[in-house]
Structure formats: structure tokens, C-alpha cells
Amino acid sequence: MALYPDARTALCFSTPLELLVATILSAQSTDVGVNKVTKILFARYKTAYDYAHASVTEVESIIKPTGFYHNKAKNIIGAARVLLESFQGQVPQSMTEILTLPGVARKTGNVVLYNAYGVIEGIAVDTHVMRLSQRLGFTAERNPVKIEQDLMKQLSKNRWGLFSHLLIYHGRSVCVARKPKCDDCVLKDICPIGQS
């Protein structure tokens, strides 16, 4: 934690709804790319009602740079409709409830719950968390849900929320995908790859 004192989500948001939308958009996209798109999107749509009544074509045209924009637009609008129908237009604060929203699986649920509400129900497993967890020997699993289960068994619950942010920061700066900088790594003494 001392190495990354500012570890937090790189997604820009000011409300739980904005974070939900940004996290849905972040699938198979970079946070930088998502933040460019959400700047426009958040200026146009403010509430669950706005999204629920939005034109799919218009939403698609704004979010197209994030990729998979047909599904993402459908999920954002669908999630907003569920928020209106079941949660008075508010993003729910439990994993059970948030998983009822279209386009939301455990990773998105964990990101939104922890970063919007401080609720810790699991560990968000993205590509960085997956790669580093495997490299560091925390898991041999390839499925994000199984990786999350393995990590949750090894860490105390109060560390779950921040853990993914720390791995993401480390994965972006040192333990990069193609050529990890093992000589510069503070974890090389405990890392199976760094010791080889």
C-alpha cells in the first residue's frame, strides 16, 4: 500500500449511477477510453430515468469507441429500467440486488459497491488482477469467479476492496502483460516468476 498510496479506480464518476455506467462500459476497453466517452454521456444523461428513456441509437453513437457498443447500450438502458422498476432509480447497495441488473456480473458489482458505497462483498477480478494473481501463485484458476474465491480465502475481508486496485496499479506500472519489469518489482522475492 505504501507503494501505491493513491490506489483507486481510474474511472471518473460523481454518483453511483455514473460509476455503474462507466464500469459497464469498461469491459474490453481502457479506463482512459471510457473516461473520454463518459464525459459526453454524463453531460447528456443524469438519472436512471434519462437512461431508461434514451434512444438506443443515440447511446450507441456516444459509446461506440468503447467497443461492443450494441450490447453495452442495451445493458445500460436495461439496467436503468430495472433501477426504476425495482430500486426507486437508485443503484442498490448489495451484491444480490446489483446482480439483477443487465450487464452486471461480480466484477462490476464489486467495483460499484466498493467505490461508490464502501461496501465490501468480494474482490473485483479484471485482466490485471487475473494476470498478477496467477503470476504471484495466488491461484491457478482461469475463471474470474474462481479466482475471486481463491483470493477471498487468502485475504482478510477488510483488504478485499483495495486489493484489486493495488494489483491493477502494479500491473500497469511494473508487472505488465508482455514484459514484466521483474528487476524493479518489490514482490520479486515472493514471486515465482521473479525468482526464476
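Positions are given from 1 along the sequence.
- Looking at heavy atoms from C-beta onward, P102 lies in side-chain contact with V82 at the 4.5 angstrom threshold.
- Atom CD1 of I123 sits about 10.0 Å away from atom CZ of F138, to the nearest 0.5 Å.
- One finds the OH atom of Y169 at 11.5 Å from the NE2 atom of H128 (value rounded to the nearest 0.5 Å).
- When all heavy atoms of R135 and A177 are compared, the closest pair comes out as NH2-O, 2.7 Å.
- No single ILVMFWY cluster, assembled from side-chain heavy atoms under 4.5 Å apart, contains both I98 and Y114.
- Inter-residue side-chain proximity for K107 and V129 is flagged as unmet; no heavy-atom pair is nearer than 4.5 Å.
- Between the S26 side chain and the T23 main chain, a donor and an acceptor come within less than 3.5 Å of each other.
- In this structure, the side chains of H70 and V56 stay at 4.5 Å or more apart for every pair of heavy atoms.
- Counting all heavy atoms, side chain and backbone alike, G109 lies closest to V104 at N-CG1, 3.9 Å.
- A heavy-atom distance below 4.5 Å is not found between the side chains of K74 and E60.
- Here the straight-line distance linking atom OG1 of T108 with atom CG of L19 works out to 9.0 Å at 0.5 Å rounding.
- Taking each heavy atom of S173 and V176 in turn, the nearest pair found is C-CG1, 4.4 Å.
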Please output the side-chain donor-acceptor pairs of residues 35-45 that fall under 3.5 Å, not counting sequence neighbours, one pair per line with the distance.
from : atom 1 : to  : atom 2 : distance (Å)
N35  : OD1    : C12 : N      : 2.8
N35  : ND2    : A10 : O      : 2.9
N35  : ND2    : D31 : O      : 3.3
T38  : OG1    : V34 : O      : 3.1
T38  : OG1    : N35 : O      : 3.3
Y45  : OH     : E58 : OE2    : 2.5

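- Rounding to the nearest 0.5 angstrom, the gap separating the CD atom in Q149 from the CD atom in Q154 is 12.0 Å.
- Under a 3.5 Å cut-off, the side chain of T47 and the backbone N or O of D50 do form a donor-acceptor pair.
- Side-chain contacts under 4.5 Å among hydrophobic residues (ILVMFWY), followed directly or transitively, place L84 together with Y49.
- Put simply, the side chain of W160 gets close to the backbone of L155: a donor and an acceptor are under 3.5 Å apart.
- Closest approach of S29 to K72, counting heavy atoms only: CB-NZ, 4.1 Å.
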In sequence, state the C-alpha distance, the side-chain angles, and the governing distance for S133 and L151, and then conclude on side-chain contact (heavy atoms from CB on, under 4.5 Å).
CA-CA 8 Å; S133 296; L151 294 174; 3.5 Å; yes

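- In terms of modelled atom types and a separation under 3.5 Å, the side chain of K181 and the main chain of V174 share no donor-acceptor contact.
- With a 4.5 Å cut-off on side-chain heavy atoms, L17 and Y51 count as touching.
- Cluster annotation: L99 is not connected to V145 through the hydrophobic network of ILVMFWY side chains, with a link wherever side-chain heavy atoms come within less than 4.5 Å.
- Checked options L11, L20, I62, T66; the residue passing with L25 is T66 (criterion: side-chain contact (heavy atoms from CB on, under 4.5 Å)).
- Closest approach of A7 and L162 over heavy atoms only: O-CD1, 3.7 Å.
- With K157 contributing its side chain and G122 its backbone, the two residues share no donor-acceptor pair below 3.5 Å.
- No single ILVMFWY cluster, assembled from side-chain heavy atoms under 4.5 Å apart, contains both L166 and V111.
- Residues I147 and N143 fail the side-chain proximity criterion, which asks for heavy atoms closer than 4.5 Å.
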Solution key, residues 85-95 side-chain donor-acceptor pairs under 3.5 Å, sequence neighbours excluded:
from : atom 1 : to  : atom 2 : distance (Å)
S94  : OG     : E97 : N      : 3.2
S94  : OG     : E97 : OE1    : 3.3

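- Listed for the R131 side chain is a donor-acceptor partner under 3.5 Å among the backbone atoms of C175.
- Of the N and O atoms on the side chains of H165 and Y4, not one donor lies less than 3.5 Å from an acceptor on the other residue.
- The minimum heavy-atom distance linking I77 with A52 is given by the pair CG2-O, 4.0 Å.
- Here I168 contributes atom CD1 and H170 contributes atom NE2; the two are 13.0 Å apart, rounded to the nearest 0.5 Å.
- In the hydrophobic cluster analysis, where Ile, Leu, Val, Met, Phe, Trp and Tyr join through side-chain heavy atoms closer than 4.5 angstrom, L101 is grouped together with V59.
- Side chains of L113 and I120 form no contact here, defined as non-hydrogen atoms less than 4.5 Å apart.
- Transitive grouping of hydrophobic side chains (ILVMFWY, heavy atoms separated by less than 4.5 Å) brings I190 and V186 into a common cluster.
- The distance from atom CG of N71 to atom CD of Q28, rounded to the nearest 0.5 Å, is 11.5 Å.
- Looking at P144 and M130, their side chains come closer than 4.5 Å, going by heavy atoms from C-beta outward.
- More than 12 heavy atoms of other residues, nucleotides or ligands shown are found within 6.0 angstrom of CZ on R172.
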